[in-house]
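Worksheet: the structure to be examined is printed underneath.
These numbers were taken from a predicted model, which means no experiment stands behind them. In what follows, every chain begins at residue 1, and chains take the letters A, B, ... in the order their sequences are listed.
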Number of protein chains: 2
Amino acid sequence: MSYTIQNAIAPVEGGYTSVDVHIEGNHIAAIAPQLDPIGTLVDGRDKLLLPGFVNAHTHSSEMWQRGLIPPRPLELWLAELHDFSPVDPEHIYLSALGTAVETLLSGGTTVVDHLVLIPGQEKESIAAAVRAYREVGIRAFIGPLIQDQSLAAGVPSGGHKIEHDPYFWSTEEVLELMRSTVEQFHQPDKGINIMVAPTGMQLCSDALFEGCIELSDRHNLCRHTHLLETKAQQMLAYEKYGCTAVEHLKHLGYLSPRTSLAHCVWLNDHDISILAETQSTVVHNPLSNLRLGSGIAPILKYRQAGVNVTFGCDGSASNDSQDLLEAIKIGTILHNVTDMDYQHWITPRQAVEMAALGGATGVGMADQMGSLTVGKKADLVLYDLKRLSLLPRTDPIGLLVLGRPIAVHTVWVNGKAVVTDGTVTTIDVPQLQQTLFDKSEWQANRRSPSMEDLEMRYRTVMGLPILSNP
Amino acid sequence: MSYTIQNAIAPVEGGYTSVDVHIEGNHIAAIAPQLDPIGTLVDGRDKLLLPGFVNAHTHSSEMWQRGLIPPRPLELWLAELHDFSPVDPEHIYLSALGTAVETLLSGGTTVVDHLVLIPGQEKESIAAAVRAYREVGIRAFIGPLIQDQSLAAGVPSGGHKIEHDPYFWSTEEVLELMRSTVEQFHQPDKGINIMVAPTGMQLCSDALFEGCIELSDRHNLCRHTHLLETKAQQMLAYEKYGCTAVEHLKHLGYLSPRTSLAHCVWLNDHDISILAETQSTVVHNPLSNLRLGSGIAPILKYRQAGVNVTFGCDGSASNDSQDLLEAIKIGTILHNVTDMDYQHWITPRQAVEMAALGGATGVGMADQMGSLTVGKKADLVLYDLKRLSLLPRTDPIGLLVLGRPIAVHTVWVNGKAVVTDGTVTTIDVPQLQQTLFDKSEWQANRRSPSMEDLEMRYRTVMGLPILSNP
């Protein structure tokens with residue numbers, strides 16, 4: 001298919017201009033004020049054309065628990081999440097569809113799914129997500145969420161010797177799963193990319209990180225992991241390594257230009273210089289960091305140090321939405337309270353570049369997407385600027401980033417139109433809604449045994465008053 | 001008109017129940033599991049019924065500048081805002097319509113408009129807003145934004161003697177405007193309430209506050225003002241009064257159970273105890289506080305001290321949306337990073353109560369609205385729980401508060417249905433969009449002379465490095 005987008009509003013240095021764009025095959029073939037029409041014509045008048053954004057960190061299957069887990073810090077929230085994780089690959093498929101649809105309708109053309117696997121059905125879990133993303137037609141980076149230590153090991157001991165149950169799989173078994181996953185599912189040409197993605201230093205051995213580095217090098221895979229999301233993890237890193245988690249990951253060789261690191265809340269200045277030096281990418285998940293009380297990531301410091309930063313929604317149980325524009329807005333304005341000098345604050349244009357080119361950089365595709373550039377892949381989004389939430393007319397990118405727009409009109413991924421006139425065309429979304437409705441039920445105040453087990457230890461280690469009546 | 005809402009989901013202690021509701025005239029006539037149908041039947045199945053929220057602080061005419069002002073602290077942002085404020089009452093009318101529509105479609109049934117007046121057309125400005133709110137049918141509290149000192153007086157001097165131009169109106173002229181405004185426009189029975197609303201201690205004399213107190217007492221009017229939004233205002237209060245702004249307002253007698261105070265970011269513990277003692281209401285505007293870098297208001301402390309707190313969007317040039325659910329979400333989760341003990345964090349149910357009953361309390365109507373109570377005014381909202389952003393089904397209020405729903409289905413204000421099936425029925429919204437479009441133009445990088453004039457003084461007083469190339 002070919003397309004000619006006519007008279008779209010596109011950002012240029014210091015302002016905007018009206019352009020036509022040719023999409024041929026999977027790439028942008030031409031951008032100019034006036035082009036001879038080819039293929040399908042798309043009216044770009046009063047519409048803003050931007051490169052697609054990257055939803056650079058999420059966990060699709062958390063969608064089954066969104067709105068449900070009460071206000072809790074990560075460590076306790078995680079215990080409750082695990083108690084009720086989906087056990088049917090069909091659920092993984094459906095929540096991946098939902099995640100893809102919400103991402104597309106908020107400006108994202110790529111999703112990074114740090115995918116929670118169903119124990120015993122790991123391959124089926126991955127296959128379900130792959131199927132969903134191919135059906136919707138979003139570009140996907142799937143990082144099967146792996147670990148080789150059991151959940152309770154992720155909470156600092158506070159200096160006490162605590163024996164944890166071994167994880168039910170050995171490191172070698174986990175790595176073998178990853179090797180065969182890459183063989184079976186890694187198909188960049190079809191828009192499906194497998195990443196290595198140990199969940200984080202809090203639940204992974206050095207051997208697991210090293211095996212992932214080896215696999216990443218052999219197949220040129222992106223690397224992903226959670227990094228220092230909470231103060232408890234910062235404490236744990238010192239307990240485990242006697243140094244910061246960043247220093248340890250650098251020592252292992254995990255940090256690289258194709259490494260993206262979710263959260264990065266509790267880093268010190270030396271850690272930040274390591275991220276800059278290794279050209280690693282920080283994925284900022286402002287909403288889950290607030291929701292879980294993790295903290296405010298020092299994003300302005302990262303930018304001043306030259307660290308690439310982009311945005312993620314994080315999983316829907318800690319946000320609880322997959323609206324990428326919401327994550328971009330909050331991830332942009334949140335930091336104004338951390339630095340009195342407004343010269344350092346993120347502008348709406350910078351936010352767009354972080355979300356698009358910054359995201360592309362984080363998944364090793366900066367040369368292939370993330371800007372309106374001839375020859376790059378046609379991962380493009382047209383926003384309808386006539387929606388009420390974007391009126392009256394002022395600065396289109398200011399309205400998009402600082403407002404609360406529901407404004408996505410057309411989305412192309414790899415040259416294919418997957419959203420037209422605000423509607424996803426590749427799957428039956430009303431049918432998806434009905435299925436999600438039918439497979440769920442209203443609930444409130446469920447009990448989580450694992451959370452209750454862990455709570456007293458957590459409060460003790462973190463220096464919180466012990467509850468007389470938990 | 002009468003209505004029977006059938007089989008709606010309503011919150012009860014510890015969970016949810018299915019209820020029918022009778023609306024007769026302007027009030028809730030009955031709530032029970034099954035009622036004999038009267039009047040128009042409304043299908044409440046798979047819909048959540050809640051009391052309407054209060055958008056407890058906004059400035060409607062800022063909508064003309066949304067998305068436009070670059071990242072700046074309040075004092076500089078305000079200078080730019082004033083340079084380009086609307087000069088035609090028709091603009092006031094249109095932006096009040098837009099503000100009302102966005103508020104209704106995000107769960108608000110009442111708007112508090114701290115209304116910026118056009119110099120020389122003050123009465124026309126108020127009349128335009130009144131007309132808009134009556135046409136849309138939202139309950140409105142209009143506080144004409146008054147002051148008796150010129151804008152530059154709002155920035156601390158840093159100890160230097162600075163002469164400011166006098167304000168173009170005397171205190172007595174401003175008070176006379178307020179007196180005749182009350183006489184002409186204060187019609188609570190018709191849903192239009194005038195408040196006294198000096199813009200803030202930074203631009204108002206004691207005489208102006210005292211005149212407002214007198215007027216408020218005579219007509220039982222609500223009192224509103226900005227309070228300690230920025231660190232600069234905190235400094236200014238000490239310069240002006242030698243004490244905190246809260247201590248000074250208490251001394252003047254401005255604080256009371258019908259006083260609502262926008263922002264309240266820079267208060268100390270003694271100030272907080274004064275708010276509790278005077279039963280004043282804090283209006284939390286989390287998004288503008290972030291956008292302008294004002295700071296994070298100590299909302300958890302307010303709640304622990306027993307201070308009533310509710311939410312506002314603030315004006316669209318500092319947010320830049322009028323989505324009340326967005327303000328509630330961010331205003332709820334933002335504070336989790338300010339207190340390690342999650343026992344203090346705001347739950348979704350508490351957030352709903354703050355937005356509904358807390359809002360009603362702030363405008364002196366807690367006995368008349370803000371809860372699902374027989375005899376209260378029928379200011380009610382039905383949310384469609386089958387929208388994709390609220391699926392799969394889990395806890396309805398958790399989904400509503402922590403997600404990013406576009407889910408308003410039906411809204412009643414004072415017993416009248418003003419939104420049906422997600423569409424405002426009282427005015428022609430597509431026509432409004434077209435008019436807003438026609439009366440505006442795309443723009444970027446405009447210059448603000450007042451901002452430029454003020455910038456060096458601001459940077460000096462706030463201890464920021466002086467720009468060599470501003």
Side-chain angles (χ1 to χ4, degrees), chain A residues 9 14-16 63-68 70-73 98 101-102 287 290-296 319-321 323 326 330 333-334 336-337 340-342 345-347 386 388-389 391-396 398-399 402-404 406 429 433 436-437 439-445 462 464-465, chain B residues 9 14-16 63-68 70-73 98 101-102 287 290-296 319-321 323 326 330 333-334 336-337 340-342 345-347 386 388-389 391-396 398-399 402-404 406 429 433 436-437 439-445 462 464-465:
Chain A
I9 297 170
Y16 296 90
M63 191 167 274
W64 292 96
Q65 296 186 69
R66 71 171 161 194
L68 199 48
R72 292 275 183 282
V101 168
E102 289 189 37
L287 291 153
L290 295 178
R291 206 272 210 206
L292 303 176
S294 306
I296 298 178
N319 176 342
D320 301 314
S321 105
D323 189 306
E326 180 189 33
I330 303 304
I333 65 175
L334 178 60
N336 298 1
V337 298
M340 285 283 290
D341 195 345
Y342 52 91
W345 297 355
I346 301 168
T347 67
K386 297 187 85 169
L388 181 61
S389 59
L391 290 170
R393 286 187 282 178
T394 61
D395 179 322
L399 289 165
L402 299 173
R404 190 194 192 294
I406 304 296
V429 175
Q433 287 172 252
L436 291 171
F437 185 90
K439 285 182 178 283
S440 57
E441 57 185 6
W442 306 123
Q443 49 183 311
N445 298 326
M462 300 310 293
L464 298 173
Chain B
I9 298 170
Y16 296 90
M63 191 167 274
W64 291 96
Q65 297 187 69
R66 74 170 160 195
L68 199 48
R72 291 276 183 282
V101 169
E102 290 189 37
L287 291 153
L290 295 177
R291 207 272 211 206
L292 303 177
S294 306
I296 298 178
N319 175 343
D320 300 280
S321 105
D323 189 306
E326 180 188 33
I330 302 305
I333 66 177
L334 178 60
N336 298 0
V337 299
M340 287 282 291
D341 196 345
Y342 52 91
W345 297 355
I346 300 168
T347 67
K386 297 188 85 169
L388 181 61
S389 59
L391 291 170
R393 285 187 281 178
T394 62
D395 179 321
L399 289 165
L402 299 172
R404 186 176 167 65
I406 304 295
V429 175
Q433 288 171 255
L436 291 172
F437 185 90
K439 286 183 177 284
S440 55
E441 57 185 4
W442 306 123
Q443 50 182 311
N445 299 325
M462 300 309 292
L464 298 173

Most contacts with chain B, counted as non-hydrogen pairs under 4.5 angstrom, among [options]:
options                                : result
A:Asn445, A:Asp341, A:Val429           : A:Asp341
A:Leu292, A:Thr394, A:Leu399, A:Asn336 : A:Thr394
A:Leu402, A:Leu334, A:Asp395, A:Ile330 : A:Leu402
A:Ala444, A:Ser389, A:Pro70            : A:Ser389
A:Asp320, A:Leu436, A:Thr347, A:Asn319 : A:Asp320
A:Met63, A:Met340, A:Gln65, A:Gln433   : A:Gln433

**Donor-acceptor contact present, side-chain B:Arg393 to main-chain A:Ser440, <3.5 Å** =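 Flag set: sc B:Arg393 to bb A:Ser440 pair under 3.5 Å.
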So what's closer than 4.5 Å to chain A heavy atoms on [X]: side chain, backbone, both or neither?
X        : value
B:Ile9   : side chain
B:Leu287 : both
B:Phe437 : both
B:Leu464 : side chain

**Prompt:** Could you walk me through whether B:Ile296 and A:Ile296 pass the side chain to side chain contact (heavy atoms under 4.5 Å, CB included) check?
**Reply:** CA-CA 12 Å; B:Ile296 298 178; A:Ile296 298 178; 4.2 Å; yes
**Interatomic distance, A:Leu391 atom CG to B:Glu102 atom CD [nearest 0.5 angstrom]** =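 Here the interatomic distance stands at 9.0 Å.
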Under a 4.5 Å heavy-atom cutoff, which of [options] has the most pairs with chain A?
options                      : answer
B:Gly295, B:Pro73, B:Gly15   : B:Pro73
B:Lys439, B:Glu326, B:Met462 : B:Glu326
B:Gly398, B:Gly14, B:Gly293  : B:Gly293

**Request:** Can you see which heavy atom on A:Trp345 is nearest to which on B:Arg291, and at what distance?
**Result:**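 It is CZ3-O, 4.0 Å.
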**Item:** Heavy-atom closest pair, residues B:Gln443 and A:Pro396
**Value:**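 Looking at all heavy atoms of both residues, the shortest contact is O-CD, 4.4 Å.
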**Message:** Using side chain to side chain contact (heavy atoms under 4.5 Å, CB included), reason through A:Arg404 and B:Ile406 one step at a time and then give a plain yes or no.
**Reply:** CA-CA 11 Å; A:Arg404 190 194 192 294; B:Ile406 304 295; 3.4 Å; yes
